[in-house]
Undergrad: 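This is the structure, below, for whatever I ask next.
Residue indices begin at 1 and follow the sequence shown.
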Amino acid sequence: MKAAVYYENGGPDVFRYEDVADPECHRKGIVIRVEAVSIEGGDTLNRQGGALASSPHIVGYQAAGKVVAVGEEVDSIRLGDRVVTTGGFGSHAELRAVAARTAWVIPKGLDVRQAAVIPVPFGTAHDCLFEFGRMKAGDVVLVQAGASGVGVAAIQLAARAGAAMVLATASSDERLEKLKVLGMTHGINYRRDDVAKEVARLTDKHMADVIVDSVGGPTLQSSILSLAYRGRVSMVGAAGREPMKVDVGSMMGGNRSLSGVFLGAEIATDRVHDNIQQLIADVASGSLKVVIDRTFALKDAAEAHRYIESRQAVGRVLLIP
């Protein structure tokens, strides 16, 4: 099969488009012929500095396609099904082997490219808001990096759950404008404005009850400073690629809390598996929307990663084998 691979960590230019061995099907797994790869934030971070599970290494958490092999112990998925899959690596290829437990059948009528975007971003956003953020109707929600995959999902989920206000940050007014149709109440251009001060102004000093922060670095401290009394931050990544230095003492006076969230730690549990299947059904029914910014050919993985890192995208960028 063909795959976008690399032999060492680095910038997008480390990618090579090469022939590699086809993956084998585990007795508890499946193999899919990939039709769409959703490039996740962790994919770019792993390319830059993550462990190489093999040489050459095929990066990538999430991809969707048609099932071409099924392990003998799998009875929930059949040959010919279209599924969306997650895994620690291996998405940037024509074929992909995963555990059946981290695959979800795509409902009839839902485009495979849309399905490819759902599990990690929507599942993560849901956990950040509800499982760890304990969001309830009437809360003020702040979504850092609102134009990211997690951000696009979190804005919609918070608005659907009855948030009093959904605030979101992005790097430009143009990107923020595109988030209004998803349920964002007010946008904050973090390159121009102080986030905590803008949250105070927009909420008449109430601040944010729940914050979803996928950026980390210095942004995490701005999230903490944007919290209301008993507010909760769900920290879910380090897209900012800078050290996380926070003043924990700034949380004490307001009885505020900070939770680290990693969907992968629980993705094979019944709770998360069933929740993701429901989110897929919600997209299929039209109650949630997938936002795809651009698509690239698999052979152009370097160009796609470079575009993501330019911070122009709104939503997800796909690779198409």
Undergrad: Please name the pair of heavy atoms, one in Ala158 and one in Leu129, separated by the smallest distance, quoted to 0.1 Å.
TA: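 So the minimum-distance heavy-atom pair works out to N-CD1, 3.8 Å.
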
Undergrad: Are Glu72 and Lys28 close enough for a salt bridge, meaning some N to O gap below 4.0 Å?
TA: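 Looking at Glu72 and Lys28, the cut-off is not met.
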
Undergrad: Would you say Val290 ends up clustered with Val83 if hydrophobic residues are merged whenever their side chains have heavy atoms under 4.5 Å apart, either directly or through other cluster members?
TA: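 The answer is no; the residues belong to distinct hydrophobic clusters.
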
Undergrad: Describe, in one word, how the ring planes of Phe15 and His305 are oriented to each other, choosing from parallel (under 30°), tilted (30 to 60°) and perpendicular (over 60°).
TA: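 Ring orientation, 0 to 90° scale: perpendicular.
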
Undergrad: If the threshold is 4.0 Å, N to carboxylate O, is there a salt bridge linking Asp139 and Arg232?
TA: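 The answer is yes: the pair qualifies as a salt bridge.
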
Undergrad: Hydrophobic cluster membership, with links at side-chain heavy-atom distances under 4.5 Å among I/L/V/M/F/W/Y: are Met207 and Ile224 in one?
TA: yes

Undergrad: Determine, for Tyr7 and Arg16, whether the Lys NZ or Arg CZ falls below 6.0 Å from the six-membered ring centre while staying within 45 degrees of the axis.
TA: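 Ring-cation test returns no.
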
Undergrad: What is the minimum heavy-atom distance between Ala304 and Ile39, and which atoms define it?
TA: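 Minimum heavy-atom contact is CB-CD1, 3.7 Å.
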
Undergrad: Which heavy atom of Ala93 sits nearest to which heavy atom of Ile58, and what is that distance?
TA: CB-CG2, 4.1 Å

Undergrad: Using atom types as modelled and distance alone, determine if a side-chain donor or acceptor of Thr169 lies under 3.5 Å from a backbone N or O of Ala145.
TA: yes

Undergrad: For Met135 and Gly162, which heavy atoms make the closest approach, and how far apart are they?
TA: CE-C, 4.4 Å

Undergrad: Go through the side-chain N and O atoms of Asn255 and Tyr229 and say whether any donor and acceptor fall under 3.5 Å apart.
TA: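 Yes, side-chain donor-acceptor contact under 3.5 Å.
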
Undergrad: Is the shortest distance from a Lys or Arg side-chain nitrogen in Arg101 or Asp270 to a carboxylate oxygen in the other one below 4.0 Å?
TA: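 Looking at Asp270 together with Arg101, the answer is yes, because their closest N to O distance falls below 4.0 Å.
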
Undergrad: Is there a side-chain contact (heavy atoms from CB on, under 4.5 Å) between Ser222 and Gln144? Walk through the geometry before answering.
TA: CA-CA 10 Å; Ser222 78; Gln144 298 275 24; 3.3 Å; yes

Undergrad: Test His206 against every option in Asp209, Asp204, Thr203 by the side-chain hydrogen bond (donor to acceptor under 3.5 Å, both in side chains) rule and name the one that passes.
TA: Asp209

Undergrad: Closest heavy-atom contact between Pro119 and Gln62?
TA: CB-OE1, 3.3 Å

